[in-house]
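Convention: sequence-line order gives letters A, B, ...; per-chain numbering from 1. Note that the coordinates shown come from a computational prediction; the quantities given were computed from them, not determined experimentally.
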Protein chains: 2
Amino acid sequence: MNTTKKVGRPRSFDQAALGERAKDLFWARGFEGIGLAELTQALGVKPPSLYAAFGSKAGLFRAALDAYRHDSAEAFAEAFTAADWRTMVRRMLASAARMYTRHNDRRGCLVLDGARDSADQAARDAASEVRRRFARSMAERLTALGAAEPERLAETLIIAMIGLSGGARSGLPAETILAAAEQIADGLVQDH
Amino acid sequence: MNTTKKVGRPRSFDQAALGERAKDLFWARGFEGIGLAELTQALGVKPPSLYAAFGSKAGLFRAALDAYRHDSAEAFAEAFTAADWRTMVRRMLASAARMYTRHNDRRGCLVLDGARDSADQAARDAASEVRRRFARSMAERLTALGAAEPERLAETLIIAMIGLSGGARSGLPAETILAAAEQIADGLVQDH
DNA sequence: CTTTTTTTGTAGTGTTCACTAAAAAATTCC
DNA sequence: GGAATTTTTTAGTGAACACTACAAAAAAAG
């Protein structure tokens, strides 16, 4: 099954590449922060083409989330391959802090903060679903590594990440975010 | 200087009481989450009266923040009167978690999450200013209690609170928020 | 009672938003 | 080449938003 050529006028853009570029736009501005006018102009695609490809603004956001998940997987790969849960926790928060402060535009986390207060339920649901899956995979890995109360720890890590992301978005300097991540992680691995 | 009666038609509402009620509305829905139509209907005041009293939607939000600061001062009073910094840190996060989950409507923190992604700069600035003052007073108290690196610790506490508030807003159960607050606080007071 | 002053209620304003109807353009099929 | 099919372009649409012009109403002052 190779890519059979379809009849009709061909698409003038690559759908996946558009999702990738939408990722950066939504990451920088949030789902509500950038409107369709600016979005279509930045992407070089007129609204009807965008709607034919993605169905809605939330559909484009879903594509952006997909692209973001790849960045995220890369950023957290080291943490997920740690040999013990303490190392995993430390790397997890350190990687989050680095990812949330690496680019001066695009601060914080697209999943945790991209559609938080949006009125669009589809956009909120898409972000929640990605977050839910991320939390689940953290809990599973912590379980495999023998951490005590892994679900609880995973939820605490998510809450810490929400704090790091929000702090980064609010303009706190990168050093502050990185230092807070380290301080919180150090505390979490010392408990008991 | 008693309250000299003014000439002209008297106000039909109490301005401070309106700020108090606006606090609950903004706390529940966020600055962007509730529009003027619903706002004026819930307050029983027509738009021109509201604008004569507060100047703008952001002005009403400022009044709501003032009312919120009183709730907040009460909630954190115990923490600020702690005799050592470790007790203060523990009470700080415990009180935050309690305040952010006490009411099933109105989850999270109005200051940290009420106007975060708002397009209205005045609203964002008002919230940032309250947050800045709160962070400063935490740092001062931690300094007085002899904590090491009090500014850094205060910033870490703010980041933790952002996480607790965001977690509460996102629908995590109260027990999860309270448990995370305790877990993070325990870690922070054990460092070194 | 008339004038003056201030607030209220009515009824909008312009702007921005996500989204789309309809026609023109670009391709494949026969 | 003509018909069929799909996408692009042009040019909007209605809805929601914060905000306001204007006149009626309610009080004090003279």
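Look at CZ on B/Arg9: it is 5 Å from C1' on C/dT7, rounded to the nearest Å. Distance B/Gln41 CD to D/dA18 C1': 17 Å, rounded to the nearest Å. Rounded to an integer number of Å, the gap from B/Leu50 CG to C/dG9 P is 12 Å. Rounding to whole angstrom units, CD of residue B/Glu38 and P of D/dA15 are separated by 18 Å. Rounded to an integer number of Å, the gap from B/Arg11 CZ to C/dT7 C1' is 8 Å.
Taking the ring centroids of B/Phe76 and B/Phe134, they lie under the 6.0 Å cut-off.
Separation of atoms OG1 (B/Thr176) and CZ (A/Arg152) is listed at 9.5 Å; rounding is to 0.5 Å. Atoms OH and OG1, on B/Tyr51 and B/Thr40 in that order, are 9.5 Å from each other to the nearest 0.5 Å. In this structure, B/Trp27 CH2 and B/Ile34 CD1 are separated by 15.0 Å, a value rounded to the nearest 0.5 Å.
Ion pairing between a basic and an acidic side chain is recognised when a charged N comes within 4.0 Å of a carboxylate O; B/Lys57 and B/Asp120 show no such pairing. Salt bridge B/Lys23/B/Asp66: absent, no basic N to carboxylate O contact under 4.0 Å. The residues B/Asp113 and A/Arg116 are annotated as salt-bridged, a charged nitrogen and a carboxylate oxygen being separated by less than 4.0 angstrom. Of the charged side-chain nitrogens involved, none lies within less than 4.0 Å of a carboxylate oxygen, so that A/Arg21 and A/Asp24 do not count as a salt-bridged pair. Of the charged side-chain nitrogens involved, none lies within less than 4.0 Å of a carboxylate oxygen, so that A/Arg29 and A/Asp105 do not count as a salt-bridged pair.
For A/Val7, the side-chain atoms get nearest to C/dT28 when compared with the rest of D/dT9, C/dT8, C/dT28.
Judged by closest nucleotide on DNA chain D, B/Gly33 is the one of B/Gly33 and B/Pro48 placed further toward the 5' end.
Within residues 12-21 of chain B, no residue approaches DNA chain D, by heavy-atom distance under 4.0 Å.
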Would you tabulate the pairs of protein nitrogen or oxygen atoms and nucleotide nitrogen or oxygen atoms of nucleotides 14-19 of chain C closer than 3.5 angstrom?
unit_1	atom_1	unit_2	atom_2	d
C/dA18	OP1	A/Lys57	NZ	2.6
C/dA18	OP2	A/Leu36	N	2.6
C/dC19	OP2	A/Tyr51	OH	2.5
C/dC19	OP2	A/Lys57	N	3.0
C/dC19	O5'	A/Tyr51	OH	3.2

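Residue A/Pro10 is in sugar-phosphate contact alone, with no base atom involved, counting any heavy-atom pair closer than 4.0 Å across all strands shown.
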